[in-house]
Amino acid sequence: MLGLRFIRDNLELVNDAMARRGFAAPIGEIVRLDDERRRLLQEVESLKAKRNEASRQIAAMKDRSAAEALKAGMRRVGERIKALDVETAAVEEKLNARLLEVPNLPHASVPIGKDERENVVARTWGQPRKLDFEPLPHWEIGERLGIIDFERGVKMSGTRFYLLRGLGARLQRALIAWMLDLHVNEHGYQEIYPPFVVKEECLVGAAQLPKFRDNLYHDVEDDVWMVPTAEVPLTNLHRGEILDATALPRCYVAYTPCFRREKMSAGRDVRGIKRGHQFDKVEMYKFTRPQDSYHELEKLVDNAEEVCRRLEIAHRVVEVCTGDLGFSTTKTYDVEMWAPGCGEWLEVSSCSNCEEFQARRANTRYRPTPTARPEFVHTLNGSGLALPRTVIAVLENYQQADGSVLVPEVLRPYMGDVRVIR
RNA sequence: GGGGAGAUCGCAUAGUUGGUCUAGUGCGGCCGCCUGCUAAGCGGUUACAGGGGCCUUAAACCUCUGUCGAGGGUUCGAAUCCCUCUCUCCCCGCCA
């Protein structure tokens, strides 16, 4: 969420930013509602000051009849105040609803473009693997090896569900444990095991609500929501807190399953495990001082790339253009691994700076100096990495002519030294 | 699920016959003084948000309003009285 005063004072800049996103934000309505709100506040607050003064006088009065007269007058003032309070609340509610619909401002360095076709490749690591046989897509590898079972997943849970079996399940678990260890031991993150179910205010804090309601699983009985990403609980880890500046940046990493009920278009990513209603992810998250956030973003991307490098899988980093930028983010890098079987670059991580957009919603601040007023922190998030797609990349890059799959070196200690899945 | 207790300015607490509570005190924090250094001591200060004023802007400053878990009610006036909700703790039940 953008600050109301910021919008008021930087109208042109905000309108320009929305244009770069190609987003029709209700800025005009926000300004109009804010004018209305301030007009009401001025009136009601001066009436309240008057009432408080009168109450002080009544308390001090000896003359009862004069007091009664004053009270009678204040009764009318009280009614007017009540009416204005109701009106103000209605305007503020509307204003707040509009504010929640406004996306973040793209950073000046973000390439301008309409959609993902105009994203810019920043760098590529490694050569896309050339196999001396016809590479299979992972769904064929998985089914032949009996490690991915689509049919039974659908039987139990419906379309877009699958199950992993044997060394397939083990491979995913190994990746999770290895990635967590890497980020904790070498990149300075603290591991968090968060709840997988959260209250509505957490979704609002992470800016999943109100905009992405349709994509979320919601339990109506208890009015709780299943997390679509660990970013949600992590954003709310310090909800309402004022952090100590010396403790920043705070870097967290969490493994969670992710639940998304998006109605997926038929024919798009329907094959394999690339896109499902449930998937696992290791997520990195940072709370930083404003002046550090862009530097921390670069480190975040590098941490994600390090996973790819150690798996020795070719990948590239893409700068997401203004038109493709996520709702909450000012700047995003996607990390994509090459998957020779399906012949595409797979998005395995998306690393973003949200600046104070989420911090404002979740009310997470820090004190720059011991005496300074609290300011919003900047928050960043990045996958480190998304599991099913990393599994895809491993299966397709490490497949062999005989249909077996080599286990990447770094994962073997996590796989009981199994070298080959066959 | 049943029963009981509680929620106050970073922490700990005072405040419940409604009116100098513009919420007191202690600890902690900050500023200053003192002192070879440190500690102690002394004095001051110390919540958050919003509106208005001042100003080229911001900070600072002045002023007003709101916030004593949340929402609502009674009243000229609510931390204080009434209702609803949330959360925490304890006991019982159930449970991996």
Side-chain angles (χ1 to χ4, degrees), chain A residues 1-14 30-96 98-100 193 195-205 219-225 233 236-248 250 290-291 356 359-377:
Chain A
M1 181 162 71
L2 302 178
L4 184 55
R5 196 176 306 170
F6 179 85
I7 294 176
R8 199 195 295 157
D9 294 342
N10 300 278
L11 255 188
E12 205 170 316
L13 188 156
V14 171
I30 285 170
V31 171
R32 190 181 62 68
L33 286 166
D34 180 47
D35 287 344
E36 177 70 358
R37 164 183 157 271
R38 284 187 293 157
R39 188 186 66 70
L40 287 165
L41 278 180
Q42 283 177 41
E43 186 179 352
V44 74
E45 286 187 357
S46 73
L47 286 177
K48 282 179 179 175
K50 196 164 145 191
R51 179 179 70 183
N52 288 343
E53 175 55 26
S55 290
R56 269 189 289 272
Q57 286 175 14
I58 290 168
M61 272 178 168
K62 296 283 183 287
D63 182 342
R64 277 192 91 80
S65 66
E68 285 307 321
L70 194 47
K71 281 190 192 179
M74 282 305 111
R75 247 189 291 276
R76 279 197 305 279
V77 172
E79 275 158 26
R80 178 75 183 137
I81 288 173
K82 198 171 286 185
L84 284 170
D85 273 343
V86 169
E87 210 178 323
T88 308
V91 169
E92 284 184 340
E93 189 182 339
K94 221 167 169 181
L95 176 59
N96 198 40
R98 290 291 91 80
L99 279 172
L100 289 175
Y193 170 82
F196 300 161
V197 161
V198 296
K199 296 194 265 188
E200 174 159 334
E201 63 189 30
C202 293
L203 275 311
V204 175
D219 170 53
V220 182
E221 286 273 284
D222 291 326
D223 193 22
V224 289
W225 304 70
N236 288 277
L237 190 59
H238 296 299
R239 159 177 289 279
E241 294 182 27
I242 296 175
L243 302 173
D244 189 347
T246 60
L248 297 176
R250 297 179 87 113
Q291 62 267 40
E356 59 176 56
R360 183 184 298 277
R361 289 178 173 227
N363 193 26
T364 304
R365 293 172 295 175
Y366 81 110
R367 220 178 271 284
T369 68
T371 52
R373 308 166 58 77
E375 290 177 20
F376 291 112
V377 296

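All values reported here derive from a predicted model rather than from experimental measurement. Chain letters run A, B, ... following the sequence lines, proteins first and then strands; every chain starts at 1.
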What nucleic acid atoms does [X] come within less than 4.0 Å of, heavy atoms only: base, sugar-phosphate, or nothing?
{"X": "A/K50", "answer": "nothing"}
{"X": "A/R80", "answer": "nothing"}
{"X": "A/L70", "answer": "nothing"}

Whole-Å [atom1] distance, [N] and [M]:
{"N": "B/U46", "M": "B/A23", "atom1": "C1'", "answer": "15 Å"}
{"N": "B/C81", "M": "B/U13", "atom1": "C1'", "answer": "24 Å"}
{"N": "B/C76", "M": "B/G18", "atom1": "P", "answer": "15 Å"}
{"N": "B/U17", "M": "B/U80", "atom1": "P", "answer": "12 Å"}
{"N": "B/U84", "M": "B/C9", "atom1": "P", "answer": "25 Å"}
{"N": "B/C62", "M": "B/U74", "atom1": "P", "answer": "37 Å"}
{"N": "B/G73", "M": "B/A79", "atom1": "P", "answer": "15 Å"}
{"N": "B/U16", "M": "B/U22", "atom1": "P", "answer": "15 Å"}

Looking at every non-hydrogen atom in both residues, tell me the closest pair between [X] and [Y] and how far apart they are.
{"X": "A/P233", "Y": "A/P195", "answer": "CG-O, 4.0 Å"}
{"X": "A/P368", "Y": "A/R373", "answer": "CD-O, 3.4 Å"}
{"X": "A/M61", "Y": "A/A66", "answer": "SD-C, 4.1 Å"}
{"X": "A/L2", "Y": "A/L99", "answer": "O-CD2, 4.2 Å"}
{"X": "A/N236", "Y": "A/C202", "answer": "ND2-O, 2.9 Å"}

Item to check | Contact interval (first through last nucleotide) of RNA chain B with protein chain A, 4.0 Å heavy-atom | outcome: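 Contacts span B/G19 to B/G77, reading 5' to 3'.
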
Next on the checklist: Can you tell me the base-pairing partner of B/C42? Count Watson-Crick or G-U wobble geometry only, both distances below 3.5 Å, and say none if there is no partner.
Outcome noted: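 Its partner is B/G32 (Watson-Crick or G-U wobble, both distances under 3.5 Å).
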
Return a table of donor-acceptor pairs under 3.5 angstrom between the side chains of residues 71-82 of chain A and protein atoms on other chains or two or more places apart.
from, atom 1, to, atom 2, distance (Å)
A/R80, NE, A/E43, OE2, 3.4
A/R80, NH2, A/E43, OE2, 2.7

